[in-house]
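I have placed the structure first, in the form of structure tokens, so that the comments after it can refer back to it.
Per chain, numbering begins at 1; letters A, B, ... match sequence-line order.
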Amino acid sequence: MNDRYNPKSIESKWQAKWRDANLFVTQNNPDKPKFYYLDMFPYPSGALHVGHVRNYAIGDAIARYRVMNGYNVLHPMGWDAFGLPAENAAIKNHVHPAEWTERCIVQMHEQFDKLGIAFDWNREVTTCRPDYYKWTQWLFIQFFNAGLAERRTANVNWCPKDLTVLANEQVKDGRCDRCGTLVEQKPLTQWFFKTTAYAQRLLDDLDTLTDWPERVVKMQREWIGRSEGVNFRFKVKGSEDEIEVFTTRVDTVFGVTYMVIAPDHELATKLTDGTEWELPAREFRDHVARQKDEQRDRSVDIPKEGIFTGAYCINPMNGEDVPIWLGNYVLSDYGSGAVMAVPAHDERDFEFAKKYDLPIKVVVHPPASISFKRLSAVNAAPVESEWRSLNGTSLNEIGVSVAYTDKYEGSLVNSGEFDGLNPTEAREKIADFMEQNGIGERAVNFKLRDWCLSRQRYWGCPIPVVYREDGSIETVPEDQLPVMHPTDIKFTGKGGNPLAQSESFINTVDSEGRPARRETDTMDTFVDSSWYFLRYCSPDFAEGAFRRDQVDRWMPIDQYVGGVEHATMHLIYARFFTKVLFDLGLVGIQEPFPRLFTQGMVTMLAKGVGENGEDKVMKMSKSKGNVVALDDAVERFGADATRMMTLFMGPAAQDAEWTPQSEDTFAGQFRFLERVWRTAMTVKFNPQWREQIGASGTDADRALRRRTHQTIEKVGSDIERFQMNTAISALMQHLNTIQEWQSKPDGDPNAGSEAIESLLLVLSPFAPHLCDELGEQLGFTKSFYEMTWPSFDPQIAKEEEIVIPVQVNGKLRARLSVATDMSREALEALALASEEVGPHLEGKTPKKVIIVPGRMVNIVV
RNA sequence: GCGGGUAUGGCGAAAUGGCAGACGCGCCAGUCUUAGGAACUGGUUUCUGGGGGUUCGAGUCCCUCUACCCGCACCA
């Protein structure tokens, strides 16, 4: 028998055994409940680091725990395998993206095996393989047929380096989140999924996601950004044109003193063309476009700027002439791209009006009781009396430096028949009036935009569409799917999308045999990851994207785990997909992930990556050079210790920083496993302990059994609550107790056997290799993965005697060792009689004695 | 600016409103010898970012301030 703990040999031994026995194949026992545990699948970058280990060690502990508790567990893994890195590698190393990707997958798969994660590899899903993307294309066609995929021209984020369009979500601080290049705006014809059609449902159903982290729900709610208001139109003076505006503050409509439209609003050129304002307007538009690019970069406020168009429109409520301006603070893609400006009651309009000396007309009076504080919230505050004296006069004249923006308190003035109403009532009354008189109508607006899924890239899922000679669109017939990538491509990194340069790819025929051109855009990889969780249910199904009966069996996912960085992208897209598929009758659920956990990332100091070349603590990543490679970690301490280390670093939901001191902690985990090894090897193990164990025994025996049963309970409940760090600390305490027990004479070997067997059982989800090896040494013939999680006996777990603190006026004065269930009265008597307490009573009678049985005594004098 | 989070020994961190610092790391002293990535024994001394409040009792609940982190950021 080898008496040293040697992780290298036992880990490879057990990994082979598990593989040969097909141990991790998903069970389908009809008598057992199902549990679908899913980690967000990774991009196959080729190398795992300890940051990855943490994610998958959490999942593996939970999956193994569930298996041992009698569930059919679906715990799959796959690859989000389309994407830019493969294409960049193709350009750099002249290797085909498919080949490069497959190579990375092999490497990463090997690393997962090295960690001993219990994935069912029979269900591996790879989004870049034809058997997967055939169905991504098929799903696209279903969306298209349902009217949920459409082509239109839009200003999009364009990365001049990657030569591709980016979704808003892929732009971070104005830069491409892949390569860091400054993003530009560029008009292109693009494919969109109509996510906006589902905005309301995506918002409403957030209420059902009670087991999501609250902050993720909040982020989605904000991202969807619903607001209620009124749409109505201003006629352009001397023209048939109208400008539509959306406002949430229709109560302030009598305070409109100018109109601002986005510089790229369709009327901007129309109003100014052929006038003296034409050139300035064009220059302004270009200026703002450049400004927008730069602004995203700095992510700071840029000053408001505008220019008069020379045109006027008419306020439909009071017939007043309203000058039309172009402004850099109006977004063309929200609402109708035009804003009715009410400077007296909107900070942005106020700032603009002050700058260009536009009139400011007060239409809401603050209430008499308004607090000074609210007014002073912005800039130097006007005093209350100043506001009340403003009736009808221009704020400019008085020099008040703030807009009154409260939308609930106050009363309307200068608003005709609506004078005197408070803003809330006025919003309703004026909206009613507008609807009754055909001026406008109530409307809801969302910040959520349609999902631009086009990418001008080779290594993505081809969009299965052809353009006929007459320019009309048809989808590729199902029997011709998948549309595969052409192979006659040279990856040069120049000239945009390689697909668009392949004649063999572009030239095709339509369904009637006439010449046609293929769509050359490929899909955003978020499309691939919006349904992979369904594919896992029947990964080899050749007749469809998924088997309905299998989806019904496994979905929804019982526990979904991933990084919080996906809060507003992947998680919204996947929810959108699921709802569409529900509406198409393809799945029976509306929410794919009722339970979500966002684990913290492992961070580490990265050298010289800050804006000014300073060091910065950030998420471990290959590109920043701040990684502890999996191979190094496993080489030094083994997979089991590496897994335990990443779990022990801190609470799973919190980020954990890897520092030089972490190396010592790491060694500590190894030492713990070594002690487990030594202890298991030296204990006298009796396989029949269950039958022979007695109720009595020495104090040490009873203390050991107590600890054993406490540990079983603690570790189980900690795993269920993602408290892996405290579960491991409970395991350590258990081991300490066993060693203490071993150091004393006359211990009952049955108590020791129970303790060691239980320890290995509950340690096995964390350190499966070590446990299986020790199990074998102790004579077990099965892997712990196949055994049942031990049950605990509350009677045995219960403390026999506890120490009760006695306080006098809240100060600790004595400790009493008493029986666990000592009564209130007995406790009081004992406490008052205690020697240590007496002097502190100073002979006085206690006013009050607070007793929490089993907890503490507090005497109030 | 708006929203959210965090703040506890030398370090990572524990603590249903009830003995703060479990567990681990580091450090100090000692024991031992198959000198190892040793192991074992003992020690590491009022302390929960600041101020106020509720309570018999607050790390925990409430208010407020400070620092750091994250998300959103002209959404009319």
Side-chain angles (χ1 to χ4, degrees), chain A residues 4-5 213-216 218-219 221-223 225-227 229 245-250 252 260 292 295-296 299-304 327-331 333-342 346-349 351-352 377-378 445-449 564-565 567-568 603 617 636-637 644-645 648-651 653-672 674-675 678 723 725-736 739 743 802-812 814-815 846-852 854-861:
Chain A
R4 279 211 73 78
Y5 170 44
E214 210 178 317
R215 63 175 173 149
V216 175
K218 277 205 170 108
M219 280 162 82
R221 190 162 277 143
E222 226 171 82
W223 193 265
R226 182 184 199 274
S227 62
V245 297
F246 171 75
T247 180
T248 57
R249 291 297 308 274
V250 75
T252 63
V260 209
K292 289 253 187 255
Q295 177 212 9
R296 284 171 185 269
S299 73
V300 289
D301 286 351
I302 52 173
K304 292 183 179 35
N328 67 344
Y329 72 103
V330 176
L331 306 172
D333 57 353
Y334 180 79
S336 55
V339 171
M340 64 169 217
V342 185
D346 181 284
E347 281 169 24
R348 295 154 304 182
D349 298 340
E351 186 189 330
F352 192 85
V378 185
N445 252 305
F446 294 94
K447 282 197 230 175
L448 184 77
R449 308 293 149 91
V564 72
E565 66 269 23
T568 51
T603 62
V617 174
R636 287 166 62 204
F637 297 112
M644 304 249 324
M645 166 59 194
F648 191 68
M649 284 176 83
Q654 241 173 59
D655 288 355
E657 187 185 348
W658 192 283
T659 63
Q661 287 77 35
S662 302
E663 302 288 325
D664 291 327
T665 311
F666 201 171
Q669 293 303 311
F670 181 83
R671 280 204 293 275
F672 167 67
E674 235 180 353
R675 281 168 61 214
R678 239 178 305 126
Q723 315 245 330
N725 55 332
T726 50
I728 291 171
S729 109
L731 291 165
M732 290 170 163
Q733 288 179 63
H734 188 195
L735 179 66
N736 291 346
Q739 291 193 319
S743 71
I802 49 170
V803 177
I804 299 272
V806 180
Q807 300 175 345
V808 179
N809 288 337
K811 284 212 171 85
L812 181 69
R815 287 159 202 255
K847 236 187 259 172
K848 200 173 170 187
V849 182
I850 291 132
I851 298 156
V852 184
R855 279 292 187 182
M856 48 71 67
V857 177
N858 189 12
I859 303 165
V860 187
V861 188

Original post:
When we call it a touch if two heavy atoms are under 4.0 Å apart, what does A:V803 touch: a base, just sugar-phosphate, or nothing?
Top reply: base
Original post:
What is the nucleic acid contact for A:K447, judged by heavy atoms within less than 4.0 Å: base, sugar-phosphate only, or nothing?
Top reply: base
Original post:
Below 4.0 angstrom, N of the basic side chain to O of the carboxylate: do A:E222 and A:K218 qualify?
Top reply: no
**OP:** Would you kindly give the CD-to-C1' distance between A:Q733 and B:A14, to the nearest whole Å?
**Re:** 10 Å
Original post:
A:R675 side chain N/O closer than 4.0 Å to the phosphate oxygens (OP1, OP2) of B:A38?
Top reply: no
Subject >> NZ/NE/NH1/NH2 to OD/OE distance under 4.0 Å, A:R636 and A:E663 >> reply: yes
Original post:
In terms of side-chain geometry, is the basic nitrogen of A:D333 or A:R449 positioned less than 4.0 Å from the acidic oxygen of its partner?
Top reply: yes
**OP:** Measure the distance from CD on A:E657 to P on B:U6 and round it to the nearest whole Å.
**Re:** 19 Å
Original post:
Rounding to a whole Å, what distance do you find between A:E347:CD and B:A76:C1'?
Top reply: 13 Å
Original post:
Taking the nucleotide of RNA chain B with the closest heavy atom to each, which residue, A:L331 or A:M856, is nearer the 5' end?
Top reply: A:M856
**OP:** Using the C1' atom on both, measure B:U6 against B:C32 and round to a whole Å.
**Re:** 46 Å
**OP:** Under the side-chain contact (heavy atoms from CB on, under 4.5 Å) rule, what do A:F648 and A:Q669 come out as? Steps first, then yes or no, please.
**Re:** CA-CA 9 Å; A:F648 191 68; A:Q669 293 303 311; 3.1 Å; yes
Subject >> Salt-bridge present (A:E674, A:R4; N to O < 4.0 Å) >> reply: yes
**OP:** For nucleotides B:C11 and B:G50, find the distance between their P atoms and express it as a whole number of Å.
**Re:** 15 Å
Original post:
Counting only N and O atoms by type, is there a donor-acceptor contact under 3.5 Å from the side chain of A:N445 to the main-chain atoms of A:S336?
Top reply: no
Original post:
Looking across every strand, which nucleic acid part, if any, lies under 4.0 Å from A:N736 by heavy atom: base, sugar-phosphate, or nothing?
Top reply: sugar-phosphate
Original post:
How would you label the contact of A:F637 with the nucleic acid (heavy atoms, under 4.0 Å): base, sugar-phosphate, or nothing?
Top reply: base
**OP:** Give a yes-or-no answer on whether the side chains of A:E657 and A:T659 include a donor-acceptor pair shorter than 3.5 Å.
**Re:** no
Original post:
OP1, OP2 of B:A76 versus side-chain N and O of A:S227: anything below 4.0 Å?
Top reply: yes
Original post:
If you look at every strand shown and take non-hydrogen atoms under 4.0 Å, does A:V245 touch a base, only sugar-phosphate, or nothing?
Top reply: nothing
Original post:
Syn or anti for B:G26, with syn set at within 90° of 0?
Top reply: anti
Original post:
When you look at A:Y329 and A:D349, which way does the side-chain contact (heavy atoms from CB on, under 4.5 Å) test go after all the steps?
Top reply: CA-CA 9 Å; A:Y329 72 103; A:D349 298 340; 2.7 Å; yes
Subject >> Pairwise C1' distance, B:U8 and B:U46 [rounded to whole Å] >> reply: 14 Å
Subject >> Of A:T659 and A:V852, the one whose closest RNA chain B nucleotide lies more 5' >> reply: A:T659
**OP:** Compare the minimum distances between each of B:C72, B:A76, B:A22 and the side chain of A:W223, then state the nucleotide with the smallest one.
**Re:** B:C72
Original post:
Taking the same atom, P, in B:U60 and in B:G17, what whole-Å distance lies between them?
Top reply: 11 Å
**OP:** Rounded to the nearest angstrom, tell me the gap between atom CG in A:L735 and atom C1' in B:C40.
**Re:** 14 Å
Original post:
Can you check whether A:Y334 has a side-chain N or O nearer than 4.0 Å to OP1 or OP2 of B:A76?
Top reply: yes
Original post:
If you check every side-chain atom of A:F648, which of B:G12, B:G4, B:A76 has the closest atom?
Top reply: B:G12
**OP:** Write down the distance separating the C1' atoms in B:A22 and B:A15, rounded off to the nearest Å.
**Re:** 8 Å
Original post:
Is there a donor-acceptor pair under 3.5 Å between the side chain of A:N858 and the backbone N or O of A:I850?
Top reply: no
Original post:
Using the P atom in both, what is the distance from B:G52 to B:G59, to the nearest Å?
Top reply: 14 Å
**OP:** Considering only atom P, compute the distance from B:G36 to B:U41 and round it to an integer number of Å.
**Re:** 22 Å
Subject >> Between B:C25 (P) and A:E674 (CD): distance, integer Å >> reply: 12 Å
Original post:
Can you tell me how far C1' of B:C19 sits from CD1 of A:I804, to the nearest Å?
Top reply: 10 Å
Original post:
Has the side chain of A:N858 got a donor or acceptor atom sitting under 3.5 Å from an opposite partner on the base of B:C56?
Top reply: yes
**OP:** Measure from the side-chain heavy atoms of A:M219 and tell me the nearest of B:G71, B:U16, B:A39.
**Re:** B:G71
**OP:** Please determine if a side-chain N or O atom of A:R671 lies less than 4.0 Å away from the OP1 or OP2 oxygen of B:C25.
**Re:** yes
Original post:
A:E222 side chain: which of B:C23, B:C74, B:G71 is closest?
Top reply: B:G71
Original post:
What distance, rounded to whole Å, do you find between the two P atoms, one in B:U45 and one in B:G3?
Top reply: 42 Å
Subject >> Structure string for RNA chain B in dot-bracket form, Watson-Crick and G-U at under 3.5 Å, | interchain >> reply: (((((((..(((.....[....)))((((((.......))))))....(((((..]....))))))))))))....
**OP:** Give a yes/no answer on whether the side chain of A:N725 brings an N or O atom under 4.0 Å of OP1 or OP2 in B:A14.
**Re:** yes
Original post:
Side chain of A:K218: nearest nucleotide among B:G4, B:G37, B:G24?
Top reply: B:G4
Subject >> Separation of B:C11 P from A:M645 CE (nearest whole Å) >> reply: 17 Å
Original post:
Rounded to the Å, how far apart are A:N328 CG and B:C74 C1'?
Top reply: 9 Å
**OP:** For A:R215, look at atom CZ and say whether over 12 heavy atoms of other residues, nucleotides or ligands are found less than 6.0 Å away.
**Re:** no
